[in-house]
Each structure stands twice: as C-alpha cells, then as structure tokens.
Student: 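My structure is below; once you've seen it, I'll send some questions.
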Amino acid sequence: IAGTITLSEPVFIQEWQTAIVAMSKEVSRREAQRLKRAWRGNDELRTLQPGQYVFSGQYSIDEITDILMEWPKTNNERLTILEWRNKRDVDALLVTKGLIDSGEYLAFVTNPDIISKYATRYPFLAQAIEERGSIATLEWFLYPDTYIVDSSKDVIDQLVYLQLEAFNDRIWKVYGDQLTSLTQWLQNKWYSFPLSMYGGLILASVIEKEENKDANKPLIASIFFNRLEAGMRLDADITLRYGFSEPYETCTPSRIAQHLDDKGNEYNTRAVAGLPPTPISTIHVKSVQALFEAPKTDYLFYLHNKNGE
C-alpha cells in the first residue's frame with residue numbers, strides 16, 4: 001500500500017530511546033526520514049513508556065503514532081545490568097528472576113556460533129577477533145544498562161542483542177576511531193608502550209571496577225598509564241576476582257587478600273606483570289572516556305578513604 005510502512009515484529013522501546021531512535025532500527029533509512037519529519041516537534045514521542053509495542057502489518061504514520069502513544073503491552077521484564085559485573089552475575093540475575101535455568105546465559109555468550117554470527121554485524125567484535133585470533137565470550141561487549149525484554153520469548157537472545165546494540169551506540173560509535181588508534185594517541189601523550197583496541201578495553205574494564213566515581217576515572221587512567229610506561233605491575237586487586245570464575249557476591253575482599261601472591265591466577269595483577277589477558281567486566285562508556293581524558297601526571301599510586309574519595 002503506497003505511503004504505508006511495513007512492521008512485522010513488535011518494537012521494544014528502551015528507557016534511553018526516543019520513538020525515532022527505536023523505530024529507525026526497524027525501518028529503512030527513507031522511512032526513518034519520513035517518520036522524523038512527521039514527528040518533529042512532538043515532545044510526547046521523546047519520552048515514551050518503555051516496553052513492547054505490537055506491530056504486525058502495514059501502517060500509516062498516523063497509525064504508528066497512535067500505537068506508540070498507547071501504553072506498551074504486557075509480558076515485559078525490566079532487567080538492570082549493573083556496571084562492573086560479569087557474565088556469571090548476569091546469569092545469576094536471570095536465574096533469580098525465573099527467566100532461565102542456571103548456565104543458559106553463560107552458554108549463549110560463549111557459543112562460538114553466536115560469537116561468529118554477531119561478528120559479521122559488529123565491527124568491534126570483528127576487530128577483537130582479528131587482534132586476538134579468537135574471542136571466547138561476548139561478555140565484555142555487553143553494555144551495562146536497564147533493558148526491557150519480552151518474558152514470553154527468548155530472553156537471552158533479546159538481552160544480548162540489546163546489550164551489543166547499546167555498546168555499539170554508546171561506545172563504538174563515539175570512541176571506535178580513537179580505540180583503533182590508541183597506540184598513536186598514547187605516543188602523542190609521550191608514552192612509548194603500545195595498546196591495541198582490545199587492550200584499551202581491558203584497561204577500561206579495570207578502571208570500571210577500581211573506581212566508582214566517574215570524576216576520578218581519568219586520574220586512575222593516568223596512574224595506570226604511568227605504571228605501564230614504567231614497566232610496573234598494574235597492582236589492581238580487583239582483577240583477581242575474574243580469575244576466580246565466580247559471581248561477584250562470593251569474591252569478598254578477604255578472599256582477595258588471601259590470594260594476592262598467587263602467580264597461578266593469570267588475572268592477578270599484584271603478581272603477574274602487564275594487563276590481564278581479557279577484560280574483567282562489562283564496561284560503561286565513562287570508563288572508556290577516561291582513557292582519552294586522562295591528564296598527564298607523574299602519579300604512580302592512589303588511595304581511597306573510607307568514603308571512596
């Protein structure tokens with residue numbers, strides 16, 4: 001039908017999305033431009049209730065607008081993936097909510113066929129595979145945020161797709177070019193050590209878990225740059241946790257303290273030189289941003305007080 005737009009699947013509006021951002025992922029570029037012109041100045045479409053909006057057929061722009069202005073359909077599950085958590089934590093969250101059996105999320109994000117499928121869609125995965133030869137999990141590219149999924153369908157497939165899309169939108173589209181030329185950026189700052197895109201993500205993940213306050217992250221990045229330049233160990237206690245292969249809750253500070261001299265744990269940057277072999281958590285954009293906002297300092301150490309300052 002002339003002038004209509006075909007939508008054969010439900011559309012999920014996430015908390016950070018406007019109508020045009022969400023719909024642009026479902027329609028052609030020309031159709032997205034039509035919607036953008038029609039919705040210009042409609043503030044209500046900028047703050048939609050997050051959730052699933054059901055479409056199945058051909059719609060005029062007015063009909064699409066009417067559906068979006070209604071309350072979203074039910075069967076929605078709101079999932080908050082916290083910063084600095086890993087794949088085991090997300091698996092445990094989904095189990096607690098009764099959405100999956102234990103281990104299903106872990107199996108999905110480490111499935112080589114799934115990784116290969118998404119690598120054809122996302123350049124950051126393809127580049128990580130090119131740098132490393134292979135990657136064993138998607139978890140480091142699964143962006144931490146709050147997501148809305150349809151609990152009556154495949155929750156894992158929906159969640160992983162949304163997390164990868166968020167990483168692409170929040171990190172790769174903003175910092176992808178800088179990450180791919182990170183060594184040159186460091187040389188311009190008078191550092192001599194090389195750091196690949198993947199290495200930059202590893203360091204950003206360490207910053208993510210070492211520093212809770214966004215304002216402090218650039219300074220922490222500067223200190224880590226200085227340690228790497230000086231050939232020092234990174235000395236970040238938090239990296240040990242990933243090597244334990246356990247959820248966050250079981251890796252207490254006392255458990256970490258007992259293993260600070262363990263050279264058998266390749267994630268122990270207290271005992272093993274250089275970066276950990278992989279990132280150690282999900283990564284928020286603020287931790288990647290910190291790499292490129294790091295001031296040039298001579299600092300090699302930092303200390304938090306009891307308030308985390």
Side-chain angles (χ1 to χ4, degrees), residues 82-92 103 106 109-110 128 131-137 139-140 142 144 182-183 186 191-213 216-284 287-288 290-291 294 297-309:
L82 298 174
E83 294 92 341
W84 43 263
R85 298 301 174 97
N86 61 46
K87 63 181 183 287
R88 300 176 192 90
D89 301 306
V90 180
D91 191 88
L106 294 174
V109 301
T110 57
E131 287 184 14
R132 304 284 294 185
S134 65
I135 56 173
T137 175
E139 71 174 302
W140 312 305
L142 301 175
L182 191 50
T183 294
L186 288 167
Y191 292 106
S192 61
F193 64 92
L195 197 60
S196 67
M197 179 274 287
Y198 191 77
L201 294 178
I202 292 174
L203 191 56
S205 75
V206 178
I207 295 168
E208 184 75 57
K209 299 198 75 165
E210 276 287 300
E211 181 53 60
N212 293 327
K213 295 183 181 297
N216 293 341
K217 288 181 177 180
L219 183 56
I220 300 299
S222 175
I223 292 169
F224 284 154
F225 285 158
N226 292 341
R227 290 180 183 179
L228 291 171
E229 180 72 8
M232 297 172 59
R233 294 189 306 270
L234 210 58
D235 278 349
D237 296 351
I238 205 72
T239 60
L240 263 169
R241 281 181 172 167
Y242 194 83
F244 290 150
S245 300
E246 297 174 6
Y248 176 82
E249 283 75 10
T250 64
C251 296
T252 61
S254 61
R255 177 157 163 69
I256 289 176
Q258 294 170 11
H259 294 270
L260 290 180
D261 296 324
D262 181 8
K263 293 185 178 180
N265 184 339
E266 60 184 344
Y267 287 88
N268 184 5
T269 56
R270 282 281 189 180
V272 180
L275 293 172
T278 70
I280 60 172
S281 71
T282 56
I283 306 167
H284 192 273
S287 296
V288 175
L291 298 176
T297 72
D298 295 324
Y299 301 146
L300 292 171
F301 303 98
Y302 59 94
L303 181 67
H304 291 101
N305 64 20
K306 62 181 180 181
N307 298 320
E309 300 292 342

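Sequential numbering from 1 along the given sequence is applied to the chain's residues. Given the structure is predicted, the values throughout are model-derived calculations rather than measurements.
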Student: Between Asn216 and Tyr302, is any pair of side-chain heavy atoms under 4.5 Å apart?
Tutor: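 No, every pair of side-chain atoms sits at 4.5 Å or beyond.
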
Student: Within the structure provided, determine whether Tyr299 and Leu219 are in side-chain contact (heavy-atom separation under 4.5 Å).
Tutor: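 The answer is yes, as the side chains (C-beta and beyond) meet within the 4.5 Å cut-off.
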
Student: Can you see which heavy atom on Pro279 is nearest to which on Tyr198, and at what distance?
Tutor: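 The answer is CD-OH, 3.5 Å.
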
Student: Do the side chains of Glu83 and Lys209 get close enough for a salt bridge, i.e. N-O under 4.0 angstrom?
Tutor: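 Looking at Lys209 together with Glu83, the answer is no, because their closest N to O distance does not fall below 4.0 Å.
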
Student: Is the shortest side-chain heavy-atom distance between Leu275 and Leu228 below 4.5 Å?
Tutor: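 In contact.
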
Student: Where is the tightest heavy-atom contact between Ala221 and Ala290, given as atom of each residue plus distance?
Tutor: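 Shortest heavy-atom separation between Ala221 and Ala290 comes out as CB-O, 3.6 Å.
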
Student: Indicate yes or no: at least one non-hydrogen side-chain atom of Ile238 is less than 4.5 angstrom from one of Arg241.
Tutor: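 Ile238 reaches Arg241 side chain to side chain.
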
Student: Tell me if a side-chain donor or acceptor on Ser205 pairs with a main-chain N or O of Ile280 at a distance below 3.5 Å.
Tutor: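 Pair found, side chain donor or acceptor close to backbone of Ile280.
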
Student: Keeping the roles fixed (side chain from Thr282, backbone from Trp140), state whether a donor-acceptor pair exists under 3.5 Å.
Tutor: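 Judged by distance alone, no pair lies under 3.5 Å.
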
Student: Hey, is the main chain of Gly103 close enough, under 3.5 Å, to the side chain of Asp91 for a donor-acceptor pair?
Tutor: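 Indeed, once roles are kept as given, a pair shorter than 3.5 Å links the two residues.
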
Student: Return yes if a side-chain donor-acceptor contact under 3.5 Å exists between Glu131 and Ser196, otherwise no.
Tutor: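 Yes, a side-chain donor-acceptor pair sits under 3.5 Å.
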
Student: Is Thr239 reaching over with its side chain to a backbone N or O of Tyr267, donor-acceptor style, under 3.5 angstrom?
Tutor: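 Checking the backbone N and O of Tyr267 against the side chain of Thr239, a donor-acceptor pair under 3.5 Å is found.
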
Student: Taking all heavy atoms of Ala204 and all of Ser287, pick out the closest pair and write down the distance.
Tutor: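 Of all heavy-atom pairs spanning Ala204 and Ser287, the closest is O-CB, 3.4 Å.
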
Student: I'd like to check Thr297 versus Phe225 (side-chain heavy atoms, cut-off strictly below 4.5 Å). Are they in contact?
Tutor: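 In short, these two side chains do not touch, never coming nearer than 4.5 Å.
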
Student: Evaluate side-chain contact (heavy atoms from CB on, under 4.5 Å) for Arg88 paired with Phe244, printing each intermediate quantity in order.
Tutor: CA-CA 11 Å; Arg88 300 176 192 90; Phe244 290 150; over 6 Å; no

Student: Using side-chain heavy atoms (C-beta onward) and a distance below 4.5 Å, is Glu139 in contact with Asn86?
Tutor: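 Yes, close enough: below the 4.5 Å cut-off.
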
Student: Could you measure the distance from the NZ atom of Lys87 to the OG1 atom of Thr137? Nearest 0.5 Å is fine.
Tutor: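 One gets 4.5 Å once the value is rounded to the nearest 0.5 Å.
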
Student: Atom CG in Leu240, atom OG1 in Thr269: separation rounded to 0.5 Å?
Tutor: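 If we round to the nearest 0.5 Å, Leu240:CG and Thr269:OG1 are 7.0 Å apart.
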
Student: With a 4.5 Å heavy-atom cut-off, do Val272 and Glu266 have their side chains touching?
Tutor: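 No, too far: nothing below the 4.5 Å cut-off.
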
Student: How long is the gap from CD on Glu211 to CD on Glu208, to the nearest 0.5 Å?
Tutor: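 Going from CD on Glu211 over to CD on Glu208, the span is 10.5 Å.
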
Student: Where the side chain of Arg227 meets the backbone of Leu234, is there a donor-acceptor pair that is under 3.5 Å apart?
Tutor: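 Between the backbone of Leu234 and the side chain of Arg227 there is a qualifying donor-acceptor contact (under 3.5 Å).
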
Student: Measure across Ala271 and Lys263 and return the closest heavy-atom pair with its distance rounded to 0.1 Å.
Tutor: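 Shortest heavy-atom separation between Ala271 and Lys263 comes out as CB-CG, 3.7 Å.
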
Student: Can you name the nearest heavy-atom pair linking Leu201 to Ile283, along with the distance?
Tutor: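 Smallest interatomic distance, heavy atoms only, reads O-CD1, 3.3 Å.
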
Student: Evaluate the side-chain contact (heavy atoms from CB on, under 4.5 Å) criterion for residues Val90 and Leu142: first the C-alpha distance (whole Å), next the side-chain angles of each, then the deciding distance (0.1 Å), finally the verdict.
Tutor: CA-CA 10 Å; Val90 180; Leu142 301 175; over 6 Å; no

Student: Is the closest side-chain heavy-atom distance between Val206 and Ile220 below 4.5 Å?
Tutor: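 The answer is no; the side chains never approach within 4.5 Å.
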
Student: Rounded at 0.5 Å granularity, tell me how far OG in Ser222 sits from CD1 in Ile207.
Tutor: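 It comes to 10.0 Å.
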
Student: What distance separates Phe224 CZ from Leu291 CG, expressed to the nearest 0.5 Å?
Tutor: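 Between atom CZ of Phe224 and atom CG of Leu291 there are 11.0 Å.
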
Student: To the nearest 0.5 Å, how far apart are CD1 in Ile135 and OG1 in Thr110?
Tutor: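 Reported to 0.5 Å precision, the distance equals 11.5 Å.
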
